[in-house]
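I have placed the structure first, in the form of structure tokens, so that the comments after it can refer back to it.
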Amino acid sequence: MKIDPIHQFNIEPLFTLGHIGNHTIAFTNSSLYMLVAVAIISILMLASGTQLVPGRLQSVAEISYEFVASTIRSTAGAEGMKFFPLIFSLFMFICVSNLVGIIPYTFTVSSHLIVTAALALLVFFTVLIYGVYKNGLKFFKIFIPHGVPGYILPLVMFIEVLSFFLRPVSHSVRLFANMLAGHIALKVFAGFVAMLGFSLGAIGWVGGVLPLALTVALTSLELLVAFLQAYVFAILTCIYLNDAIHPGH
Amino acid sequence: MAESHGGAKGPAAGAHTEADGGHHGGGFPPFESSTFASQLVSLAIFFVVLYVIVSKLALPRIGGAIEARQNKIEGDLAEAQKLKDQSDAALKAYESELASARTRAQAIGNESRDKANAQAEAERKTLEEQLAAKLAGAEKTIASTRATAMSNVRGIAADAAGQIVQRLTGVVPDAAAVNAAVDASLKG
């Protein structure tokens, strides 16, 4: 039996929606899991009660609300609450699709660089456009740190500009790589269990215990990573937006 | 990679990919550019839908519930504080009422004791006066009785002295002399 840890990332068109230029636009398995994530978030946020004493579902909804709100307030200040819907959507979308992706035989939306890159570019252009809109040319003061001696200022500015434009790259690759690597590792270890069991008989059954235990441990680690990467994505968004709101360092 | 659709403004406009979807199958799925357009279109659709749901429905709903709870808690705390203030005021009123009642009771007690004392004193005085009057009368009676008795005593003494002298001497003594002698001895 052959382990193919890459197979789980295949995009399978389910039906064709139409054509843009010479590109075929299909409703794929990725689209399906985006729909699943949106549906789960909608159910969580809309079907939970609005009781004075919250039930379980309402508690989860309120905890996610408060969690994202306090993250924004602590990193971007009260003005950052303007972007609450955006950051909440990003955080919940990434977190839910990551968590759904841990279930075996499902697809992980954020394991594709094109998706994480699109989200990171959305944040990048939001920061750039809002920063220029709100602060005008003063926004570009973020490239000139305070208290840097004149003779190394060009170098520092160069580094700042470079790091600013590399933000969407690190922002998207971090999430993509974490999800990709985690799922490959899970698949490899889970594959060992099956391979040992099928090829070596009774010895294999005993020998499969170790990779099985590792798979269980890795699954719990992936649960943590799924949440943590969503949180990291959201908090980096807050930090970048903070630059747009308060461009003076 | 990420730069393949550089300049795309967010997912909504990011449906362009430079590479043609020519080489499908066998490659590494995340880098298969033929799937990019489909993914970007569905991401754009679903993320916009999610954003609208979140911003128009979900967040106002949950935020409203949290705010309503906050207001309710604050209102209840204020109500509790008001009731506590009321009960404190009632306790204070009760204590001051109790204190004034106590002083009034003390005043009434003092007053009635003073009145009783004064009455007793007055009664005692009249009784003493009566007693003093009676005493004076009695003393007067005693004095007069005594004077009478004393004068009787002189007569008796004079008679006795005359008879004693007669018995001893056989001579009847002169009455004047006997009286003088009795007086002298009474004085001595």
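Owing to the predicted nature of the structure, the values given are computational and were not obtained by experimental measurement. So that the names make sense, note that chain A is the first sequence line, chain B the second, and so on, each numbered from 1.
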Tell me which of these, A/G21, A/P54, A/A69, has more heavy-atom pairs under 4.5 Å with chain B than the rest. A/P54
Is it the side chain or the backbone of A/S64 that comes within 4.5 Å of chain B heavy atoms, both, or neither? neither
Taking all atoms of both residues into account, what is the closest heavy-atom pair of B/A158 and B/V178, and its distance? O-CG1, 3.3 Å
Ring centres under 6.0 angstrom apart (A/Y240, A/H171): yes
Please tell me if the side chains of A/F88 and A/F93 come closer than 4.5 Å, counting only heavy atoms from C-beta onward. no
I'd like to know whether the aromatic ring centres of A/F227 and A/F67 sit less than 6.0 Å apart in this structure. yes
Check each atom of A/L17 against the heavy atoms of chain B and say whether the ones under 4.5 Å are side chain, backbone, both or neither. neither
Which of A/L46, A/V123, A/V53, A/L180 touches chain B most, by non-hydrogen pairs under 4.5 Å: A/L46
Ignoring hydrogens and angles, tell me if any N or O in the side chain of A/N135 forms a donor-acceptor pair with the backbone of A/A244 under 3.5 Å. yes
Let me know if B/L50 has heavy atoms under 4.5 Å from chain A in its side chain, its backbone, both or neither. both
Among A/A120, A/A37, A/A26, A/A39, residue most engaged with chain B (heavy-atom pairs, under 4.5 Å): A/A26
Using a strict 4.0 Å threshold on nitrogen-to-oxygen distance, state whether B/K92 and B/D85 make a salt bridge. no
Give, as side chain, backbone, both or neither, the part of A/T126 having an atom under 4.5 angstrom from any heavy atom of chain B. neither
With a cut-off of 6.0 Å (strictly less than), are more than 12 heavy atoms of other residues, nucleotides or ligands near NZ of A/K82? yes
Can you tell which part of A/F9 gets under 4.5 Å to a heavy atom of chain B, answering side chain, backbone, both or neither? both
Examine whether an atom of A/Q58 lies under 4.5 Å from a heavy atom of chain B, and if so say whether it belongs to the side chain, the backbone or both; otherwise answer neither. side chain
The interface call for A/F27 against chain B, heavy-atom contacts under 4.5 Å, is side chain
Heavy-atom pairs under 4.5 Å with chain B: which of A/V115, A/I41, A/T28 has the most? A/V115
I need the minimum non-hydrogen distance between A/G80 and A/I245, along with the two atoms involved. CA-CD1, 3.6 Å
For each of A/L35, A/L90, A/I6, tally heavy-atom pairs with chain B at distances under 4.5 Å, and name the one with the top tally. A/L35
